[in-house]
Visitor: 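Provided herewith is a single structure, encoded as structure tokens, for subsequent inquiry.
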Amino acid sequence: SLERIDDKTAMLCAEALIWSFTTTWRGLRDTATHALVNILKTHTGIILDLLTKYYHVNDSYLTERLWAAAFGGLLCSQDRKAAGEVAEWAYKNTFGVDDIPENILTRDYIKEIIRYAQSLNVCCAVDEQKLRLPYGNGEIPDDIPSSDDIKARFSRDWQTIPEEEKNEYRATSEILDSMATEHSPRTMYGDFGRYVFQSNLSCFEDVDSEHMSNWAIQMIFDEYGYDAKTFGALDTRHASKDRSHSNVERVGKKYQWIAMWRIMAILSDRYADDKSTDDWATPVGRARSIGPTVIPGENRVPLRSRYE
């Protein structure tokens, strides 16, 4: 029973799970998230220690699931004191000082922690306006490359590529092809580009999804620093050829998800007053992929048999 272990042991277990949030193995990442919720619901005292230590890690895959697990642990524990303390820390380090992550999922988990504490009447004083959209200026840069720019930058003649560089080219092409939207002038649409990226952005009116896809590509290579030389062999092995989720995804695919969540956050700020959004398919609802308060039961198929 997790209640029997002390907080120091719980902290060590939690930290091992937190670093697994960075993986591109989706099944492991989801299972680790629920495992951390299970630890935190019986050891709420370590939540603030974990947030303080890992909040500023510059991997959105990690911080998003850290906040998700903190939210899940608080709700499952129903610990009023912990809810109030975590909500106060969350507010004073994010919304209260206008330091809000540009990730549509992360900032929603933070907000929901504060809202939960408010529902228990244990929250600190907050400026309600700061908890409402927009959280940022919703600015879209002027230097987003065109589809022609993308083609000119990355296109190469396959016959002239040295053998030792072909994995790099394949890995780069996997990102470019995957990000192509339905009517992309660059190439035939990619399943991620059309059925995930474009679909999620469809809740924002008058948004050019191909232009946003080009922005995501710019982020992946110029801001996040995707290095095909480092990840080429790995990403070529784990390339998916259909819209189903691979057991282990490309590192480039991880960057695609992160770029999409960031763009959705910025567009949510930009179109905060847009009342046309479907209440049943909000941007946050479209982006969410896990329920941190719903812990899988014992009948769940083991990871070993599902993902080998």
Side-chain angles (χ1 to χ4, degrees), residues 19-32 57-62 64-65 144-200 209-210 212-263 289 303-308:
W19 282 114
S20 72
F21 294 162
T22 65
T23 184
T24 62
W25 181 0
R26 291 171 62 94
L28 175 60
R29 190 164 176 261
D30 289 350
T31 300
V57 171
N58 64 344
D59 187 331
S60 205
Y61 252 35
L62 185 152
E64 177 248 317
R65 289 302 176 88
I144 297 174
S146 67
S147 296
D148 287 341
D149 293 333
I150 298 289
K151 290 173 67 175
R153 175 178 175 180
F154 294 103
S155 292
R156 296 180 68 182
D157 181 353
W158 177 259
Q159 300 302 322
T160 66
I161 301 174
E163 190 63 35
E164 65 273 14
E165 295 180 16
K166 286 187 174 178
N167 274 342
E168 298 174 34
Y169 181 77
R170 290 189 187 100
T172 298
S173 296
E174 286 290 344
I175 294 174
L176 303 179
D177 293 347
S178 178
M179 286 300 305
T181 57
E182 184 175 7
H183 300 296
S184 173
R186 292 189 291 106
T187 184
M188 179 181 174
Y189 68 80
D191 282 323
F192 183 90
R194 178 179 179 181
Y195 297 109
V196 180
F197 187 86
Q198 184 175 351
S199 176
N200 282 350
S209 58
E210 179 69 8
M212 294 296 97
S213 175
N214 292 342
W215 188 16
I217 291 170
Q218 183 184 45
M219 288 179 186
I220 291 166
F221 288 97
D222 296 343
E223 291 189 52
Y224 304 154
Y226 178 80
D227 185 357
K229 183 175 292 187
T230 300
F231 300 119
L234 176 69
D235 279 7
T236 301
R237 280 202 308 274
H238 294 296
S240 175
K241 300 304 180 186
D242 56 41
R243 80 189 66 164
S244 62
H245 296 306
S246 300
N247 296 338
V248 179
E249 293 188 325
R250 296 176 285 108
V251 175
K253 187 72 166 289
K254 169 181 174 176
Y255 290 3
Q256 290 173 221
W257 286 107
I258 292 173
M260 183 186 73
W261 294 329
R262 180 182 173 191
I263 289 171
S289 61
L303 267 176
R304 186 175 183 82
S305 63
R306 287 181 65 202
Y307 293 102
E308 279 192 335

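Computed from heavy atoms alone, side chains included, the values below leave out hydrogens, waters and symmetry copies.
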Visitor: Side chains of Tyr255 and Glu223: does their closest heavy-atom pair fall under 4.5 Å?
Guide: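 SC-SC contact between Tyr255 and Glu223 ruled out.
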Visitor: Are Ser60 and Arg262 side-chain neighbours, meaning at least one heavy-atom pair lies under 4.5 Å?
Guide: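 Contact flag for Ser60/Arg262 side chains = no.
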Visitor: How many angstroms lie between NZ in Lys254 and OH in Tyr226, if you round to the nearest 0.5 Å?
Guide: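 Here the interatomic distance stands at 12.0 Å.
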Visitor: Taking atom NZ of Lys166 as the centre, does the number of heavy atoms from other residues, nucleotides or ligands within less than 6.0 Å exceed 12?
Guide: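 Counting other residues, nucleotides and ligands, NZ of Lys166 exceeds 12 neighbours.
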Visitor: So do the side chains of Trp257 and Glu249 get within less than 4.5 Å of each other, counting heavy atoms only?
Guide: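 They are in contact (side-chain heavy atoms under 4.5 Å apart), so the answer is yes.
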Visitor: Just verifying a value: how many Å separate Phe192 CZ and Met260 CE, rounded to the nearest 0.5 Å?
Guide: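 Result: 5.0 Å between the selected atoms.
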Visitor: Counting C-beta onward and ignoring hydrogens, is there a side-chain heavy-atom pair between Arg186 and Phe154 closer than 4.5 Å?
Guide: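 The answer is no, as the side chains (C-beta and beyond) never meet within the 4.5 Å cut-off.
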Visitor: Do Ser213 side-chain atoms and Ser209 backbone N/O form a donor-acceptor pair below 3.5 Å?
Guide: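 A pair under 3.5 Å: no.
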Visitor: Measuring from Gln218:CD to Met212:CE, what's the distance to the nearest 0.5 Å?
Guide: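 These two atoms lie 10.0 Å from each other.
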Visitor: Give, for atom CZ of Arg156 and atom OG1 of Thr172, the distance between the pair rounded to the nearest 0.5 Å.
Guide: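 Rounded to the nearest 0.5 Å, the CZ-OG1 separation comes to 9.0 Å.
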Visitor: Can any side-chain N or O of Asp177 pair as donor or acceptor with the backbone N or O of Gly190 at less than 3.5 Å?
Guide: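 No, because the side chain of Asp177 does not come within donor-acceptor range (under 3.5 Å) of the backbone of Gly190.
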Visitor: Is Phe197 close to Met179 at the side-chain level, that is, under 4.5 Å between some pair of heavy atoms?
Guide: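 They are in side-chain contact.
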Visitor: Going by an N to O cut-off under 4.0 Å, is there a salt bridge joining Arg65 and Asp30?
Guide: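 Yes, this pair counts.
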Visitor: What distance separates Asn247 CG from His238 NE2, expressed to the nearest 0.5 Å?
Guide: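 The distance works out to 9.5 Å.
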Visitor: Within the side chain of Arg29, is there an N or O that forms a donor-acceptor pair under 3.5 Å with the backbone of Tyr61?
Guide: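 Yes: the side chain of Arg29 pairs with the backbone of Tyr61.
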Visitor: Under a 3.5 Å threshold, yes or no: a donor from one side chain and an acceptor from the other, between Thr160 and Asp157?
Guide: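 There is no such pair (donor and acceptor under 3.5 Å, judged by atom type) between the side chains of Thr160 and Asp157.
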Visitor: Do Asn214 and Ser146 have side-chain N/O donor and acceptor atoms under 3.5 Å apart?
Guide: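 No pair is found: no donor N or O on one side chain lies under 3.5 Å from an acceptor on the other.
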Visitor: Should Arg194 and Glu182 count as an ion pair when the cut-off is N to O under 4.0 Å?
Guide: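 Yes, Arg194 and Glu182 are salt-bridged.
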Visitor: Less than 4.5 Å apart, side chain to side chain, heavy atoms only: is that true for Leu176 and Thr187?
Guide: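 Sidechains of Thr187 and Leu176: no contact.
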